[in-house]
Colleague: 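Here you go, one structure.
Heads up: numbering here begins at 1 and tracks the sequence.
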Amino acid sequence: MVRLDHVVRSAASRSRALTLLALGALLALTCAPAVEAQFGKNKIQYRDFDWKLYSSPHFTFYYYESEADQLEKVASLAESAYDRLTREFDHQVQDPIPMIFYATHSAFEQNNIILNFIPEGVGAFASPVRNRMVLPIDLPDGELFQLILHELTHIFQYDILYRGKVSGRVGGAPQWFMEGMASYMAKDESTSDKMYLRDAVVNDSIPSILQRGTSGFLAYRFGHAAFDFIEDRWGKEGFRDFLFEFRNTFGGRADRAVERSFRIDPEDFDLDFRRWLRKEYLPKLVETGEPSDFGRPFRDDKGEIQQVLSPAASPSGDLVAALAVTRGDLDIVLYDTRTRRPIANLTRGYTGSYEYLAAQFLTIGARMGRDISFSADGNYVAAFAKRERGRSLMIFDVLERKLVKTIEMEVEQQMNPAFSPDGRTVAFAGNQAGRFDIYTVDLESREVTRVTDDETYDGAPVFSPDGASIIFSSVVGDNHAQLFRVDLSDPSKRYRLTEGDWSDKDAIFSSKGTWLVFTSDRTGIDNIYAMELATGRTLQLTNVVTGCLMPAVLKREGAIDQVVYAGFWRGGFDLYLVDIDKPVAEVEVPVPPADPAVVQPLARFEPDIQVTLDEANRSKYRGFKLFVEDAGASVGVTSDQTLLGYTYLSLSDYLGDRRMIINFSSISSFSNFDVVYLDLSHRFNWSAQIFDRREF
């Protein structure tokens with residue numbers, strides 16, 4: 001940033017600067033705590049958002065033109081969520097709730113309401129200042145409804161606990177209470193989410209409600225389970241009593257709220273809660289097992305690898321590439337499948353070619369499919385990585401151990417790369433114009449082709465061995481993913497391969513193309529299955545209490561294929577190896593149909609309330625009205641009786657694009673003021689500053 005100062009200094013040792021103008025990227029400001037940008041790390045605005053407003057009975061929606069066709073759906077989901085929560089909480093939020101939504105997560109990352117960087121693992125957030133909800137909408141409709149329920153629960157919490165006052169944030173509630181309740185009200189735990197709690201229970205690592213330091217993803221799962229326990233023991237009335245008693249405790253004391261609500265000592269609550277969890281999950285461990293009970297674990301003799309998942313097999317079956325956390329870095333690591341040991345790191349060391357690799361459970365949220373793919377000749381590995389405004393396809397040379405090709409594209413939120421048998425194209429899932437579909441990209445021409453094109457959320461593609469068709473998962477009805485096939489000669493026809501009240505994902509063909517290996521949660525837990533395509537005969541290969549997923553098939557000459565899968569145990573992922581011909585059970589399933597399954601559109605999620613848009617409720621956004629977002633003051637006296645004072649105000653518009661920061665400070669009879677105005681609404685930010693600083 002070039003900073004142009006006009007400073008006038010007088011002989012009286014004081015300075016006054018008027019109309020300081022900073023043009024270009026705003027890189028650093030030290031005048032107030034509210035601004036946290038650092039040199040070289042300013043948040044870049046890659047696109048301009050032409051914001052508009054729409055008012056519904058309980059919300060004010062902020063949207064831009066390219067997502068206008070999603071407004072009716074979002075309004076219907078939001079009003080349905082409000083209707084449900086107002087009955088659950090027996091509470092009404094009096095003022096319209098601002099909901100600011102973005103078409104994709106990469107657009108959401110550019111919001112200025114939170115000035116620091118937002119990693120892809122953060123799905124959304126709610127702000128107690130003006131009760132704002134901020135979220136992307138690139139999810140299946142059922143999951144988007146759960147996301148809105150989750151963030152809207154926070155708005156109800158702010159309104160009930162803090163009574164709408166920003167000052168209520170001081171001494172706030174512990175994370176397990178806030179996030180656990182939001183998850184409990186949204187019922188948003190996926191099968192893979194629940195494996196974290198099951199793992200904590202069977203390995204005896206459940207924290208106490210008295211521990212305020214419980215944080216991270218376990219806090220969500222632990223908190224959700226705590227509220228399930230409260231409902232099971234004391235009912236919905238008990239839940240509401242606990243919430244309102246919590247509000248009346250000083251400093252957010254969960255133990256005091258437990259005593260007042262349930263007339264029980266907090267220590268006894270902990271014991272009863274642990275007993276309830278063990279009764280729920282420990283019998284399942286006896287009936288099932290841990291991942292190593294069903295497959296032989298991969299090992300790291302040097303102890304450098306902390307997490308490893310998303311395996312992809314070489315065509316010979318001798319190598320597996322996987323995403324692994326090595327000494328704190330996320331890399332692509334090669335394993336020898338005979339010794340089950342790592343032999344090389346493809347991405348070791350610093351690179352300026354990308355920020356980080358897209359890895360489910362690690363750098364991005366868990367969805368479906370694998371995050372890397374081996375080419376048919378065994379020479380290349382494909383992965384998506386975050387670069388600037390979004391993700392790009394990366395092709396790594398296995399022999400040279402270096403990045404050889406980067407392909408950028410207009411499609412956003414790409415994941416699940418899968419090489420074609422001839423190595424010329426890569427299939428993947430991506431978002432464009434609000435739809436998640438299957439695409440292919442030609443590696444030479446870089447031309448992107450859309451394979452599926454409908455409202456259904458599609459992901460996790462994989463080519464058949466002859467390259468004539470693609471199998472993938474589609475989310476139908478109430479958040480259930482099912483396996484489908486399309487022939488590339490006519491992708492408009494879908495052939496259903498599985499059906500049921502569960503999710504099937506992560507499909508991969510056996511080496512001869514006669515079996516399909518995939519992940520399914522038909523028992524309530526993610527496990528590995530294999531289905532014979534000609535007959536529909538289905539084998540269950542694992543039966544763990546935590547979860548197994550992302551299978552890869554190893555070709556074995558003169559022997560039946562083996563399967564490598566990622567298993568979760570003791571808080572981390574590892575790889576395991578199992579033989580297809582050693583199942584734990586055979587599953588009764590119908591023979592898949594031979595004709596196209598889709599004549600009518602697939603079942604979709606339907607919200608309780610359907611909103612019809614009224615053009616009279618649309619308006620333009622005018623962002624020059626500022627409100628107080630943060631404030632602080634202090635006063636003191638030094639040991640030599642010198643009086644000190646400091647006050648600051650941080651003002652912002654609803655989108656955080658325009659900000660004013662005001663600082664007043666005084667020492668004895670000397671006083672300073674510092675006023676900064678910032679405009680962050682475009683790629684090129686600018687600021688103006690007026691100050692009067694006197695030296696003491």
Side-chain angles (χ1 to χ4, degrees), residues 106 310-316 319-323 331-332 334 344 346-347 351-360 364 369-432 436-453 458-472 486-489 491 507-509 511 513 552-553 555:
S106 58
S310 198
S314 66
S316 65
L319 297 176
V320 160
L323 289 165
D331 292 307
I332 298 176
L334 290 179
L346 292 185
T347 56
T351 178
S353 301
Y354 54 86
E355 294 179 43
Y356 53 82
L357 297 168
Q360 296 174 79
I364 64 176
R370 284 157 297 278
D371 298 313
I372 60 176
S373 176
F374 240 117
S375 64
D377 59 10
N379 292 332
Y380 302 99
V381 169
F384 283 106
K386 181 67 182 296
R387 294 181 73 249
E388 298 179 348
R389 65 174 292 172
R391 299 175 194 164
S392 299
L393 179 63
M394 304 288 171
I395 307 297
F396 297 91
D397 189 305
V398 174
L399 299 177
E400 297 294 331
R401 299 181 188 177
K402 65 180 182 180
L403 176 66
V404 294
K405 185 173 292 188
T406 299
I407 299 178
E408 298 180 350
M409 54 190 79
E410 291 299 318
V411 182
E412 297 186 74
Q413 302 306 106
Q414 314 96 304
M415 61 191 306
N416 313 139
F419 270 104
S420 62
D422 61 11
R424 296 177 181 176
T425 62
V426 169
F428 62 94
N431 182 293
Q432 196 167 37
F436 253 99
D437 288 306
I438 305 301
Y439 297 82
T440 60
V441 57
D442 187 293
L443 296 182
E444 290 302 319
S445 67
R446 307 193 177 205
E447 179 183 359
V448 175
T449 302
R450 198 172 201 150
V451 178
T452 62
D453 187 3
D458 300 327
V462 59
F463 281 97
S464 61
D466 60 6
S469 61
I470 289 178
I471 285 180
F472 57 94
V486 295
D487 295 331
L488 294 177
S489 59
I508 192 78
F509 280 92
S511 60
V553 175
K555 180 181 178 181

Colleague: Would you find a donor on one side and an acceptor on the other, under 3.5 Å apart, between the side chain of Asn416 and the backbone of Phe428?
Modeller: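 Not confirmed, Asn416 side chain does not pair with Phe428 backbone.
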Colleague: State, with a plain yes or no, whether a side-chain heavy atom of Tyr439 is found less than 4.5 Å away from one of Gln432.
Modeller: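 Counting from C-beta outward, Tyr439 and Gln432 do come under 4.5 Å.
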Colleague: Is a side-chain donor or acceptor of Asp371 paired with a backbone partner of Gln360 at a separation under 3.5 angstrom?
Modeller: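 Yes, the answer is positive, given that a donor and an acceptor are paired below the 3.5 Å cut-off.
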Colleague: Please confirm whether the backbone N or O of Ala507 pairs with a side-chain atom of Arg370, one donor and one acceptor, at under 3.5 Å?
Modeller: yes
Colleague: Determine yes or no for a side-chain-to-main-chain donor-acceptor pair under 3.5 angstrom, with Gln414 supplying the side chain and Arg391 the backbone.
Modeller: yes
Colleague: Going by heavy atoms in the side chains, are Leu357 and Leu323 under 4.5 Å from each other?
Modeller: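 Yes. Closest side-chain heavy atoms under 4.5 Å.
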Colleague: Between Phe384 and Val426, is there a side-chain heavy-atom distance shorter than 4.5 Å?
Modeller: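 Val426 does not reach Phe384 side chain to side chain.
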Colleague: Which heavy atom in Pro315 sits nearest to a heavy atom in Ala376, and how many Å separate them?
Modeller: CG-O, 2.9 Å
Colleague: Under a 4.5 Å cut-off applied to non-hydrogen side-chain atoms, are Ser106 and Arg389 in contact?
Modeller: no
Colleague: Does Arg387 use its side chain to pair, donor to acceptor, with the backbone of Ser353 at less than 3.5 Å?
Modeller: yes
Colleague: Quick one: does Ser314's side chain have a donor or acceptor within less than 3.5 Å of a partner on Gly378's backbone?
Modeller: no
Colleague: Counting only heavy atoms not in Arg424, do more than 12 fall under 6.0 Å of its CZ?
Modeller: no
Colleague: Rounded to the nearest 0.5 Å, how far does CG of Leu399 lie from CG of Asn379?
Modeller: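 Nearest 0.5 Å value for the CG-CG distance: 5.0 Å.
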Colleague: Scan residues 395-405 for pairs that pass side-chain hydrogen bond (donor to acceptor under 3.5 Å, both in side chains), counting only residues two or more places apart or in two chains.
Modeller: none
Colleague: Which heavy-atom pair separates Thr406 from Ser392 by the least distance, and what is that distance?
Modeller: CG2-CB, 4.0 Å
Colleague: Between Ser420 and Thr425 (side chain of the first, backbone of the second, donor and acceptor by atom type, cut-off under 3.5 Å), is there such a pair?
Modeller: yes
Colleague: Under a 4.5 Å cut-off applied to non-hydrogen side-chain atoms, are Asp422 and Phe463 in contact?
Modeller: no
Colleague: Ser373 and Ala312: which non-hydrogen atoms are nearest, and at how many Å?
Modeller: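 For Ser373 versus Ala312, the nearest heavy atoms are CA-CB, 4.0 Å.
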Colleague: Would you tell me whether Asp487 and Ser489 have side-chain atoms, one donor and one acceptor, within less than 3.5 Å of each other?
Modeller: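 No, Ser489 and Asp487 have no side-chain donor paired with an acceptor closer than 3.5 Å.
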Colleague: Atom CZ of Phe396 and atom OG of Ser375: how far apart are they, to the nearest 0.5 Å?
Modeller: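 That separation rounds to 13.5 Å.
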Colleague: What distance do Arg450 atom CZ and Thr440 atom OG1 have between them, rounded to the nearest 0.5 Å?
Modeller: 12.0 Å
Colleague: Are side-chain heavy atoms of Val411 and Val441 found at a separation under 4.5 Å?
Modeller: no
Colleague: Is Thr452 reaching over with its side chain to a backbone N or O of Asp437, donor-acceptor style, under 3.5 angstrom?
Modeller: no
Colleague: Can you name the nearest heavy-atom pair linking Pro465 to Gly513, along with the distance?
Modeller: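 Nearest pair, atom of Pro465 first, then Gly513: CG-CA, 3.6 Å.
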